[in-house]
Amino acid sequence: GINAEYMGGTASTTGYFVAPTLYTGVEDSSVLAKEEIFGPVAVALRFVTEQEVIRRANRSRYGLAAALFTKDLSRAMRVQRQLEAGTVWVNCYNAFDVRVPFGGFKESGFGREMSTYALEAYTQVKAVRIAIAPAPAPAPTKQPATKA
């Protein structure tokens, strides 16, 4: 069954706060495994093969971000290429830089935040052509005579 491991002590007794929680023993069909949970919550799922993890991650209808931890840079590059996520962190988590775009794939967002990509949400391209004077008619071309 599902086990809740509390990592950050108890939640505050005033206000609406959730203590950081790690869930283990979660099945792929569980809401905990399928939904984006915006809060200090993580789910640890066991796996055997790299392809199993990639299939499991990409089966989600969401794709905001992913994180992977490995000592093998070749594996990191191979896995990140296959993950359907707008941001992939390798050996870190929640690392942001305003020069790097952030946004999700699939149902996890529209457009990008941060970087010059974010400016696209605030701009609209328009093309304008103005004829200052009527264009002159093309000069007639002389057709070569044809033999009958």
Side-chain angles (χ1 to χ4, degrees), residues 1-139 141:
I2 296 175
N3 299 310
E5 313 287 339
Y6 294 96
M7 302 179 342
T10 59
S12 172
T13 57
T14 59
Y16 297 97
F17 300 97
V18 176
T21 307
L22 172 68
Y23 289 98
T24 59
V26 176
E27 297 292 327
D28 286 352
S29 59
S30 170
V31 170
L32 286 169
K34 295 189 322 187
E35 298 293 326
E36 287 183 319
I37 301 172
F38 290 93
V41 174
V43 176
L45 300 168
R46 292 186 179 275
F47 67 94
V48 176
T49 68
E50 185 177 293
Q51 285 306 309
E52 175 188 358
V53 171
I54 294 165
R55 273 193 309 275
R56 179 184 278 159
N58 290 342
R59 200 169 34 225
S60 172
R61 64 183 210 233
Y62 303 106
L64 183 59
L68 62 109
F69 294 83
T70 180
K71 294 178 182 176
D72 184 342
L73 185 57
S74 294
R75 172 177 270 185
M77 296 305 291
R78 184 174 57 248
V79 171
Q80 68 80 22
R81 276 192 301 273
Q82 296 176 73
L83 289 173
E84 297 169 0
T87 296
V88 178
W89 292 294
V90 178
N91 296 334
C92 60
Y93 184 75
N94 232 16
F96 293 99
D97 185 311
V98 296
R99 297 166 294 184
V100 178
F102 178 76
F105 288 6
K106 303 189 255 185
E107 291 185 35
S108 288
F110 178 77
R112 294 291 177 263
E113 299 171 9
M114 300 190 289
S115 84
T116 56
Y117 287 95
L119 299 176
E120 291 178 10
Y122 302 99
T123 60
Q124 188 170 353
V125 175
K126 180 186 284 190
V128 178
R129 296 182 61 184
I130 301 173
I132 302 298
T141 57

Separation between NZ (Lys71) and CG (Asn91), nearest 0.5 Å, reads 10.0 Å
So which atom in Glu113 and which in Ala118 form the shortest heavy-atom distance, rounded to 0.1 Å? C-CB, 3.8 Å
Trace of the side-chain contact (heavy atoms from CB on, under 4.5 Å) decision for Ile37 with Tyr23: CA-CA 12 Å; Ile37 301 172; Tyr23 289 98; 6.0 Å; no
Quick one, Gln82 and Gln51 - any side-chain contact, counting heavy atoms below 4.5 Å? yes
At what distance, to the nearest 0.5 angstrom, does CZ of Arg78 lie from CG of Leu73? 10.5 Å
Below 4.5 Å, heavy atoms only, C-beta onward: do Arg61 and Glu35 meet side chain to side chain? yes
Per side-chain contact (heavy atoms from CB on, under 4.5 Å), Val79 is matched among Thr70, Val53, Val88, Leu68 by Leu68
What ring-ring contact (aromatic ring centres under 6.0 Å, His included) pairs are there with at least one residue in residues 45-77, not counting sequence neighbours? none
Which atoms form the tightest heavy-atom contact between Lys34 and Ser60, and what is the distance? O-OG, 4.1 Å
Heavy atoms only: give me the nearest Ala66-Leu83 pair and the separation to one decimal. CB-CD1, 3.9 Å
I want to check something: taking the side chain as every heavy atom from C-beta on, are Val125 and Thr123 in contact at a cut-off of under 4.5 Å? no
Can you tell me how far apart OG1 (Thr21) and CG (Asn3) are? Round to the nearest 0.5 Å. 12.5 Å
Ignoring hydrogens, what is the shortest heavy-atom contact between Val90 and Ala76? Give both atom names and the distance. CG1-CB, 3.7 Å
Pick one: which of Arg56, Lys106, Arg59, Arg55 meets salt bridge (charged side-chain N to carboxylate O under 4.0 Å, His left out) with Glu84? Lys106
Would you compute the distance between atom CG of Asp97 and atom CE of Met114 and round it to the nearest 0.5 angstrom? 7.5 Å
Inter-residue atom distance Arg99.CZ - Thr116.OG1, 0.5 Å rounding: 12.0 Å
What one should report as the nearest heavy-atom pair of Val26 and Leu45 is O-CD2, 3.2 Å
Are the side chain of Arg112 and the backbone of Gly104 linked by a donor-acceptor contact shorter than 3.5 Å? yes
Can you list every pair that meets ring-ring contact (aromatic ring centres under 6.0 Å, His included) and has a residue in residues 98-128, with sequence neighbours left out? Phe96-Phe102
Does CD belonging to Glu27 count more than 12 external heavy atoms closer than 6.0 Å? no
Taking all non-hydrogen atoms of both residues, which atom of Ala67 and which atom of Cys92 are closest, and how far apart? CB-O, 3.9 Å
